[in-house]
2 protein chains.
Amino acid sequence: MVSKLRQDIAAKGESGGGALGGLRMTKQRKLVYDVLLDERDHPTATEVYMRSKQRMSSISLATVYNCLETLSAAGLVKQVNVGRDASRYCPNLAQHAHFICVKCEQVLDIDLKNDKEVESVWELPEGARIDQLEVAMKGVCPDCNAAEKEVGGNG
Amino acid sequence: MVSKLRQDIAAKGESGGGALGGLRMTKQRKLVYDVLLDERDHPTATEVYMRSKQRMSSISLATVYNCLETLSAAGLVKQVNVGRDASRYCPNLAQHAHFICVKCEQVLDIDLKNDKEVESVWELPEGARIDQLEVAMKGVCPDCNAAEKEVGGNG
DNA sequence: ATTGATATCAAGAATTATTCTAAATAAAAA
DNA sequence: TTTTTATTTAGAATAATTCTTGATATCAAT
Ligand SMILES: [Mn+2]
Ligand SMILES: [Mn+2]
Ligand SMILES: [Zn+2]
Ligand SMILES: [Zn+2]
């Protein structure tokens, strides 16, 4: 169901080509996806909108929301939620966590260690089915941490 | 800084007693905290508001938000975010994850396994400082999972 | 107890991210 | 081409949360 859309996009998203149970690989969807692939800094919907507008001035914010929703539902993109902030979007499909620096606001991908699995540390209830797992860390990134120690030695 | 407020509350929250760098243990704060302790089902701010109103009809939603914020900042309560949904609040201070059943919407605490730590599975960037870690899982809880298999065998 | 300073509360307005609605457009199917 | 269906667009609507402001309550000192 989902794989056809993925193929279409992987195959450079030919605009007339792909459909998937009614889902089409439209210019807007391709564009939004490209924007996410181009700068992998976990932009918000509004940021995706602004970047998309530079390449297609007619695109609307509603469409960007629609496309992000469609791509997420298709499994091509992950919606990243950190606290109450606006959702961010990420085309990295590997299982990973997110680290948000409270100083510079940047969002980093955190990979799983080799041979480790997230579930292994948690006392999961017997008989539960887990579909989704979100891990968000907040703190100070290496860069900001280093800068902090240099400049103001108060802490 | 924070411990004084905690003491006050632990000491049954005597209304005249506690202050903390200007922070007072008011009737409203005590009430909101009690509501959270009474039913540990991770209520939303609105749910806390409704429960609080039954005991203090004059309390306002704004105040409930204020109290939840204050208690969270003081470290007595954890704000739990799951996807885009309204924040939920939890007085369980032990490190734990949250499991949300997409069927019955209930939120379960998931404890860390003995001798395990969350950080151990992640490839953390050298030099980063982690202040906060949120783990949310979505899926179907044991009860709903069992019920699902019985009734409609379509899957 | 009275006063003055400060913290908190309460009501409603404002904000923000997101979703919804409805009409216009584009693509696919017939 | 005609018909059907999916998608886009603009703007309205919604929902959670935050902000603003004046009223109350508490505290610290007199
Ligand atoms: Mn990511
Ligand atoms: Mn909890
Ligand atoms: Zn940083
Ligand atoms: Zn359930």
Side-chain angles (χ1 to χ4, degrees), chain A residues 1 4-5 8-9 13-33 42-50 52-53 55-74 77 79-89 105, chain B residues 1 4-5 8-9 13-33 42-50 52-53 55-74 77 79-89 105:
Chain A
M1 293 195 171
K4 186 58 168 36
L5 178 56
D8 294 337
I9 292 181
E14 337 188 275
S15 70
L20 153 64
L23 282 191
R24 297 167 195 161
M25 179 40 50
T26 62
K27 293 200 167 172
Q28 288 88 346
R29 286 173 181 165
K30 178 68 167 53
L31 171 56
V32 163
Y33 187 55
H42 302 85
T44 63
T46 304
E47 285 165 346
V48 172
Y49 170 57
M50 292 187 303
S52 298
K53 264 213 134 170
R55 305 196 211 167
M56 184 192 285
S57 61
S58 63
I59 200 170
S60 74
L61 178 57
T63 295
V64 169
Y65 269 106
N66 286 341
C67 293
L68 289 171
E69 156 66 25
T70 302
L71 293 169
S72 300
V77 157
Q79 183 174 16
V80 178
N81 295 298
V82 176
R84 291 277 80 210
D85 301 345
S87 287
R88 297 172 170 279
Y89 297 86
E105 307 251 79
Chain B
M1 292 197 172
K4 186 57 170 38
L5 177 55
D8 295 336
I9 291 180
E14 339 192 271
S15 71
L20 152 65
L23 282 191
R24 299 166 194 161
M25 177 41 48
T26 63
K27 294 200 167 173
Q28 288 86 346
R29 284 173 183 166
K30 178 68 168 49
L31 171 56
V32 164
Y33 187 55
H42 303 85
T44 63
T46 304
E47 285 165 344
V48 171
Y49 170 57
M50 293 188 302
S52 298
K53 264 213 135 172
R55 306 196 210 167
M56 184 192 284
S57 61
S58 64
I59 200 170
S60 74
L61 178 57
T63 296
V64 168
Y65 269 105
N66 285 340
C67 292
L68 289 170
E69 156 65 25
T70 302
L71 293 168
S72 300
V77 157
Q79 183 175 17
V80 178
N81 296 297
V82 176
R84 289 277 82 209
D85 301 343
S87 287
R88 296 171 172 278
Y89 297 86
E105 307 251 78

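In the text below, chain A, chain B and the rest are named by the order of the sequence lines, each starting its count at 1.
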Checklist entry - With no hydrogens and no angle check, is any side-chain donor or acceptor of B/Arg29 less than 3.5 Å from a backbone partner on B/Leu71? => result no

Checklist entry - So, does A/Glu69 use its side chain to make a donor-acceptor pair with the main chain of A/Asn66 at under 3.5 Å? => result no

Could you tell me which residues satisfy side chain to side chain contact (heavy atoms under 4.5 Å, CB included) with [X], sequence neighbours excluded, listed by chain and number?
X       : value
B/Ser60 : B/Ala62, B/Thr63
B/Arg55 : B/Leu31, B/Asp34, B/Val35, B/Asp38
B/Asn81 : A/Arg84, B/Gln79, B/Ser87, B/Glu134

Checklist entry - In degrees, rounded to 10°, what is the bend between the two ends of the helix from C/dA1-D/dT30 to C/dA30-D/dT1, using five pairs at each? => result 30°

Please determine if a side-chain N or O atom of [X] lies less than 4.0 Å away from the OP1 or OP2 oxygen of [N].
X       : N      : result
B/Gln28 : C/dA10 : yes
A/Arg24 : C/dA26 : no
B/Thr26 : C/dC9  : yes

Take atom [atom1] of [X] and atom [atom2] of [N], then tell me their distance rounded to the nearest Å.
X       : N      : atom1 : atom2 : value
A/Glu47 : C/dT18 : CD    : C1'   : 16 Å
B/Glu69 : D/dT18 : CD    : P     : 7 Å
A/Lys27 : C/dT25 : NZ    : C1'   : 13 Å
A/Lys30 : D/dT7  : NZ    : P     : 17 Å
A/Leu31 : D/dT8  : CG    : P     : 11 Å
B/Lys53 : C/dA10 : NZ    : P     : 10 Å

Shortest non-hydrogen contact between [X] and [Y], atoms and distance:
X       : Y       : value
B/Met56 : B/Gln28 : SD-CG, 3.9 Å
B/Val64 : B/Ala45 : CG1-O, 3.7 Å
B/Arg88 : B/His42 : NH1-O, 2.7 Å
B/Thr44 : B/Tyr89 : C-CD1, 4.5 Å
A/Tyr49 : A/Ile59 : CE1-O, 3.4 Å

Item to check | Proximity to DNA chain C (any heavy atom under 4.0 Å), residues of residues 79-88 of chain A only | outcome: A/Ala86, A/Ser87

Checklist outcome for this item: When rounded to the nearest 0.5 Å, the distance separating CZ of B/Arg24 from OG1 of B/Thr70 is 12.0 Å

Checklist entry - SG of A/Cys67 to NZ of A/Lys27: how many Å apart, nearest 0.5 Å? => result 13.5 Å

Using atom names, set out every protein N or O paired with an N or O of nucleotides 2-4 of chain C below 3.5 Å, distance rounded to 0.1 Å.
none

Item to check | Results of side chain to side chain donor-acceptor pair (under 3.5 Å) for B/Tyr65 - residues two or more places apart only | outcome: none

Checklist entry - Quick one, which residues of residues 57-68 of chain A touch DNA chain D with a heavy atom under 4.0 Å? => result A/Ser58, A/Ile59, A/Ser60, A/Ala62, A/Thr63, A/Asn66

